[in-house]
Amino acid sequence: MPHRIVHMLRAARGGGRRPVMLAIAGDSAAGKTTLTRGLVRCLGADRMTAVCVDDYHRYDRAERAGKPFTALHPDCNHIEIMEQHLQLLSLGEPVLKPVYDHSTGRLVRPELVRPRDFVIVEGLLPLHTAMARACFDITVYLDPPEDLRHSWKIDRDCSRRGYTEQQVRAELTRREPESAAFVRPQRRWADIVVRFAPVPGRPGPLSAELLLRPTIDHPELAPVIAEAARHQRDTALHLRLHRDTDGRPVDALHVHGYVGSDESSIVKNALWDRLADRPGLSAEALGKVGDAGTSDPLAITQLLLLYHLLEARQTGEVRALA
Ligand SMILES: Nc1ncnc2c1ncn2[C@@H]1O[C@H](COP(=O)(O)OP(=O)(O)O)[C@@H](O)[C@H]1O
Ligand SMILES: O=C(COP(=O)(O)O)[C@H](O)[C@H](O)COP(=O)(O)O
């Protein structure tokens with residue numbers, strides 16, 4: 001099985017000589033770039049490389065218009081080249097990556113990517129194949145409710161990608177069968193499933209629900225949450241046992257959007273204190289949404305991911321294959 005060989009090669013190379021690889025999968029406008037940006041800014045571009053695998057689109061926007069499938073279909077992407085590049089990056093080797101320009105819809109000059117200590121790979125299909133999955137240390141799936149994702153996509157694509165609202169709505173309808181067939185199934189391969197969503201009946205900032213699957217070792221959160229609860233009567237942070245989609249029990253961390261700054265600071269500080277390698281990190285970029293907004297649920301999600309990135313770097317262990 002070729003993906004087992006990649007796994008063995010990564011293990012043989014040793015922690016310090018290959019990057020820690022994080023996948024962030026999710027549908028269009030699920031929040032992948034927003035989550036990634038804060039992580040890159042916090043760790044610093046000198047230590048982290050971010051790659052978007054939508055750059056492996058096989059056709060540009062004009063060519064795609066005449067095809068019987070959308071950008072979400074594996075046939076619309078150079079999946080085998082993506083796999084090759086993920087293998088190389090995960091072993092610490094550079095790649096000449098294609099580039100898709102979302103502002104024009106064109107494929108442009110490829111760029112040389114050298115993996116740094118940490119590599120984030122975000123996009124529509126980073127967990128689609130066993131080979132791609134074997135390249136990652138940590139995997140995340142972003143799973144906002146569909147109506148929220150649709151409104152995020154309409155706002156973003158109309159303001160930054162030159163689409164009209166009608167075009168975006170028509171495209172979302174056209175994409176739905178391929179979302180169901182190729183994008184959403186990746187949720188099952190995620191160590192952490194993140195859902196930003198409004199609190200029912202309580203307008204205001206979005207909450208986050210994080211499913212913490214036992215496929216990786218999560219930090220002990222119960223004492224942190226208990227400490228935060230001592231300072232707040234109507235606590236906005238909870239750790240609960242959920243049933244996963246396959247019926248298995250799984251921890252779920254809820255961070256409500258209305259979390260008070262005292263309570264969220266206790267949790268953020270506790271997570272920050274547990275980061276394996278803090279010097280040089282910048283906390284200011286965490287929780288930023290666009291240019292103006294901030295979100296404590298997003299900041300806590302990013303801190304949890306930083307914890308995993310830095311732990312993986314420190315232990316140097318390669319996770320077991322799923
Ligand atoms: N956690 C969040 N809280 C609030 N708004 C968000 C969040 N994540 C994303 N958004 C909104 O959704 C839009 C699309 O997000 P983006 O990160 O570009 O998605 P993707 O990279 O998955 O296509 C952003 O422009 C932003 O307005
Ligand atoms: O679904 C996506 C992924 O990007 P994102 O996750 O950032 O939405 C885009 O629609 C395609 O890549 C095509 O790009 P475009 O629509 O710009 O031609």
Side-chain angles (χ1 to χ4, degrees), residues 1-26 32 36 39-40 43 47-58 72-100 110-142 182-193 213-218 305-306 308-322:
M1 293 288 227
H3 68 282
R4 293 196 188 280
I5 296 171
V6 175
H7 187 254
M8 281 159 52
L9 286 173
R10 293 199 78 220
R13 191 152 288 211
R17 288 171 52 231
R18 59 172 162 74
V20 174
M21 300 277 292
L22 164 67
I24 302 182
K32 305 178 294 291
T36 301
L39 293 172
V40 175
L43 262 169
R47 294 181 75 195
M48 179 169 272
T49 308
V51 169
C52 176
V53 283
D54 304 337
D55 283 329
Y56 295 86
H57 285 334
R58 198 181 282 264
L72 274 49
H73 200 295
D75 290 352
C76 205
N77 293 276
H78 287 294
I79 295 289
E80 58 301 331
I81 307 296
M82 175 190 87
E83 288 177 332
Q84 281 176 18
H85 285 188
L86 291 180
Q87 289 170 63
L88 287 165
L89 291 171
S90 77
L91 292 167
E93 305 294 339
V95 298
L96 192 61
K97 182 184 67 59
V99 178
Y100 179 79
E111 68 181 3
L112 184 66
V113 176
R114 291 184 196 283
R116 302 191 190 273
D117 292 350
F118 303 92
V119 176
I120 301 187
V121 176
E122 55 104 351
L124 296 167
L125 297 170
L127 301 175
H128 178 61
T129 65
M131 175 58 87
R133 294 193 292 272
C135 298
F136 293 108
D137 298 286
I138 307 146
T139 54
V140 172
Y141 183 81
L142 282 176
F182 306 113
V183 179
R184 298 204 287 268
Q186 295 174 107
R187 186 184 187 280
R188 100 162 245 232
W189 302 108
D191 301 312
I192 303 177
V193 178
R213 289 185 170 143
T215 43
I216 53 172
D217 288 333
H218 297 286
L305 294 179
L306 284 168
H308 282 295
L309 286 164
L310 294 165
E311 282 298 304
R313 180 88 189 155
Q314 198 166 60
T315 66
E317 284 164 18
V318 175
R319 59 177 303 158
L321 282 177

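Computed from a predicted structure; not experimentally measured. Count residues from 1 along the sequence.
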(request) Please tell me if the side chains of R184 and Y141 come closer than 4.5 Å, counting only heavy atoms from C-beta onward. (result)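 When only atoms from C-beta onward are counted, Y141 and R184 do touch, with a gap below 4.5 Å.
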Spacing of [X] atom [atom1] and [Y] atom [atom2] [to the nearest 0.5 Å]:
{"X": "K97", "Y": "L88", "atom1": "NZ", "atom2": "CG", "result": "14.0 Å"}
{"X": "H128", "Y": "L72", "atom1": "NE2", "atom2": "CG", "result": "11.0 Å"}
{"X": "M21", "Y": "T49", "atom1": "CE", "atom2": "OG1", "result": "9.5 Å"}
{"X": "I79", "Y": "H73", "atom1": "CD1", "atom2": "NE2", "result": "10.5 Å"}
{"X": "E83", "Y": "C135", "atom1": "CD", "atom2": "SG", "result": "8.0 Å"}
{"X": "E311", "Y": "H218", "atom1": "CD", "atom2": "NE2", "result": "12.5 Å"}

Judged by atom type as modelled, is there a donor-acceptor pair below 3.5 Å linking the side chain of [X] to the main-chain atoms of [Y]?
{"X": "R17", "Y": "G92", "answer": "no"}
{"X": "R47", "Y": "F118", "answer": "no"}
{"X": "K32", "Y": "L142", "answer": "no"}
{"X": "R114", "Y": "P94", "answer": "no"}
{"X": "H7", "Y": "R319", "answer": "yes"}

(request) Test L305 against every option in T36, I120, L39, L310 by the side chain to side chain contact (heavy atoms under 4.5 Å, CB included) rule and name the one that passes. (result) L39
(message) The criterion is ring-ring contact (aromatic ring centres under 6.0 Å, His included); which residues satisfy it with Y56, sequence neighbours excluded?
(response)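 By the ring-ring contact (aromatic ring centres under 6.0 Å, His included) rule, Y56 matches H85.
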(request) Could you pull out the closest heavy-atom pair between L89 and P19, with the gap in Å? (result) O-CG, 3.1 Å
(message) For H3 versus A134, what's the shortest heavy-atom pair and its separation?
(response)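 Closest approach of H3 to A134: O-CB, 3.6 Å.
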(message) Is it true that, when you exclude D217 itself, more than 12 heavy atoms of the residues, nucleotides or ligands shown sit nearer than 6.0 Å to its CG?
(response) no
(request) Taking only Lys NZ, Arg NE, NH1 and NH2, and the carboxylate oxygens of Asp or Glu, determine whether R313 and D137 approach each other closer than 4.0 Å. (result) no
(message) The test is side-chain contact (heavy atoms from CB on, under 4.5 Å); show your working for R116 and M48 and say whether it passes.
(response) CA-CA 5 Å; R116 302 191 190 273; M48 179 169 272; 5.8 Å; no
